[in-house]
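All chains are named by letter (A, B, ...) in the order of the sequence lines, taking the proteins before the strands, and each is independently numbered beginning at 1. Excluded from the calculations below are hydrogen atoms, water molecules and symmetry mates; all remaining heavy atoms, backbone and side chain alike, are included.
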Number of protein chains: 2
Amino acid sequence: MPRKRLTREESREQTRQRLLDAAAVMIAKKGLSATSVEDIAENAGYTRGAFYSNFNSKTDLFIELLRLDHQNIQEDLQKLLDADLSVEDLQKQLALFYAQCYRDDNNYVIWAEARLQALRDTKFRQRMNALCLEKRDMIAYFIEQFCKRMNMSLPGPAGDYALATIALMDGMLYFNIIMPNELPDASAESVLSTMFSKTFFGSLPA
Amino acid sequence: MPRKRLTREESREQTRQRLLDAAAVMIAKKGLSATSVEDIAENAGYTRGAFYSNFNSKTDLFIELLRLDHQNIQEDLQKLLDADLSVEDLQKQLALFYAQCYRDDNNYVIWAEARLQALRDTKFRQRMNALCLEKRDMIAYFIEQFCKRMNMSLPGPAGDYALATIALMDGMLYFNIIMPNELPDASAESVLSTMFSKTFFGSLPA
DNA sequence: GAACTCTAATACAGTTATGTATTTGAGTTC
DNA sequence: GAACTCAAATACATAACTGTATTAGAGTTC
């Protein structure tokens, strides 16, 4: 039984959202270029007509997908910063944050696809880079906060460490997805925390 | 003027090699699934007939491409190990090795494509994982050698550090390719060496 | 050099994608 | 509730890719 007769705007928004959701699933499953507009529409329960009525192109939809996910990430990070956590909790959050971003595997794949797309498409790369730099700066700020509370100073720019953090977690995450047996969670965590504590604690002033 | 009238076998080998080269270029440029068999053949100066005469499928060719590149990497690494370098040189080699693997950008993209393919195709993943584990073990051995000469001991299994090394270098490399302005070489190098020296030197026994 | 062989080109048949133009029908307006 | 509007379906015209089956011709064999 249909709860409610949807208004035109609600109905359109629902369609749009379903198309976005279906696209995320299909792109993760088959890859960006192997996913046809037809795939997306069909998987969302519509036809191509609905797609072209809501998006100009597959690329446009894809960017919207990234934008929305990035927005969620930023909001989550901001909440963490605002929460005024203890040093221990902050440390935990720093180590776990990135993995949380990719809480389901779809997101990991989608950003991996995005990176490749960025290598190929100048316009796309510009939009992508803006998102990445925002993320880097956010994490850099996070690291700075962390160091301040620990009464430490970094040997280099926080931005560089932010990049290293993203890079490291990304790579570890990939290994975890692709061959979970070879790198049990405990091991991954220990490697990460070793790298981080050695790196950051190594720079303690006293 | 044609140097020499090629023997049938030579001619076939030349065709095969040209197809492989063209595939590497096209796959890096357009992506694996966006690259058609036609693209590869045409770009190599042949028609699809030549392709199907030399390979069973695009996937087969792709795996051959990876296999060959991986073979080169392994050989290079082995040479380094055999060279019996000084500690300083060994350290340099460790930091630079991975970047050398991707000496031209094509290879980076091709392996990124391979990672995504591995996420989707079980059979492919199995072949891929074998290559990755070989590489990990090789680098782990490299790290062990390094530590031995430095008279250090690692706090954890060398394999874990090898994975972290690969992950970190991979991620940094991506940033370097995608936005070289944001991460000048000097900066990337300093981040890497900081991470490594802090991590490994932090574990010195005395 | 005639008969043979195998590489690569060509021809073919089938499938799947694209975007636009047009139509249908569920919501909206009065 | 009749006229209207816009979201989504359908129809259409193209284009591209796939793999196989067949053919042409450059090497090979004797």
Can you list, pair by pair, the side-chain donor-acceptor contacts under 3.5 Å of residues 15-22 of chain B, counting residues two or more places apart and other chains?
residue : atom : partner : partner atom : Å
B/Thr15 : OG1  : B/Ser11 : O            : 3.0
B/Thr15 : OG1  : B/Tyr46 : OH           : 3.3
B/Arg16 : NH2  : B/Glu64 : OE2          : 3.1
B/Gln17 : NE2  : B/Asp21 : OD1          : 3.3
B/Arg18 : NH1  : B/Tyr46 : OH           : 3.3

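- Looking at B/Gln126 and B/Asn129, their side chains never come closer than 4.5 Å, going by heavy atoms from C-beta outward.
- One atom, CG of A/Leu19, and another, P of D/dA7, lie 13 Å apart when rounded to the nearest Å.
- The nearest whole Å value for the distance from the CD atom in A/Glu10 to the P atom in C/dT28 is 8 Å.
- Under the rule for a side chain to side chain donor-acceptor pair (under 3.5 Å), the partners of B/Glu134 that lie at least two apart in sequence or sit in another chain are B/Gln74.
- As rounded to whole Å, 16 Å separates atom P of D/dA7 from atom CZ of A/Arg18.
- Separating the CD atom of A/Glu13 from the C1' atom of C/dG27 is a distance of 17 Å, rounded to the nearest angstrom.
- In this entry the distance linking CD of B/Glu38 with P of C/dT10 reads 11 Å, nearest Å.
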Would you list the protein and nucleotides 5-7 of chain C atom pairs, both N or O, that sit under 3.5 Å from each other?
residue : atom : partner : partner atom : Å
C/dT5   : O2   : B/Arg8  : NH1          : 3.3
C/dT5   : O2   : B/Arg8  : NH2          : 2.6
C/dC6   : O4'  : B/Arg8  : NH1          : 3.2
C/dT7   : O5'  : B/Arg12 : NH1          : 3.1

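- A close approach under 4.0 Å does occur between a side-chain nitrogen or oxygen of B/Thr7 and OP1 or OP2 of D/dT28.
- Taking atom CD on A/Gln17 and atom C1' on D/dA8, their separation rounds to 18 Å, with Å as the unit.
- Residue B/Phe124 qualifies as enclosed at atom CZ: its count of foreign heavy atoms under 6.0 Å is above 12.
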Shorter than 3.5 Å, N or O on both sides, protein versus nucleotides 9-13 of chain D: list them out with atom names.
residue : atom : partner : partner atom : Å
D/dA9   : OP2  : A/Thr47 : N            : 2.9
D/dA9   : OP2  : A/Thr47 : OG1          : 2.7
D/dA9   : O5'  : A/Thr47 : OG1          : 3.4

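- A/Glu9 has its CD atom 13 Å from the C1' atom of C/dT28, to the nearest Å.
- With sequence neighbours excluded, no residue forms a side chain to side chain donor-acceptor pair (under 3.5 Å) with A/Lys29.
- In B/Arg127, the CZ atom is not crowded: 12 or fewer heavy atoms of neighbouring residues, nucleotides or ligands sit closer than 6.0 Å.
- Within 6.0 Å of the CD atom in A/Glu9, the count of heavy atoms belonging to other residues, nucleotides or ligands does not exceed 12.
- Nucleotide D/dC17 holds its C1' atom 13 Å from the CD atom of B/Glu42, rounded to whole Å.
- Checked against side chain to side chain donor-acceptor pair (under 3.5 Å), B/Gln145 has no partners two or more places apart in sequence or in another chain.
- Between A/Asp69 and A/Trp111, the side chains place a donor N or O and an acceptor N or O closer than 3.5 Å (distance only, hydrogens not considered).
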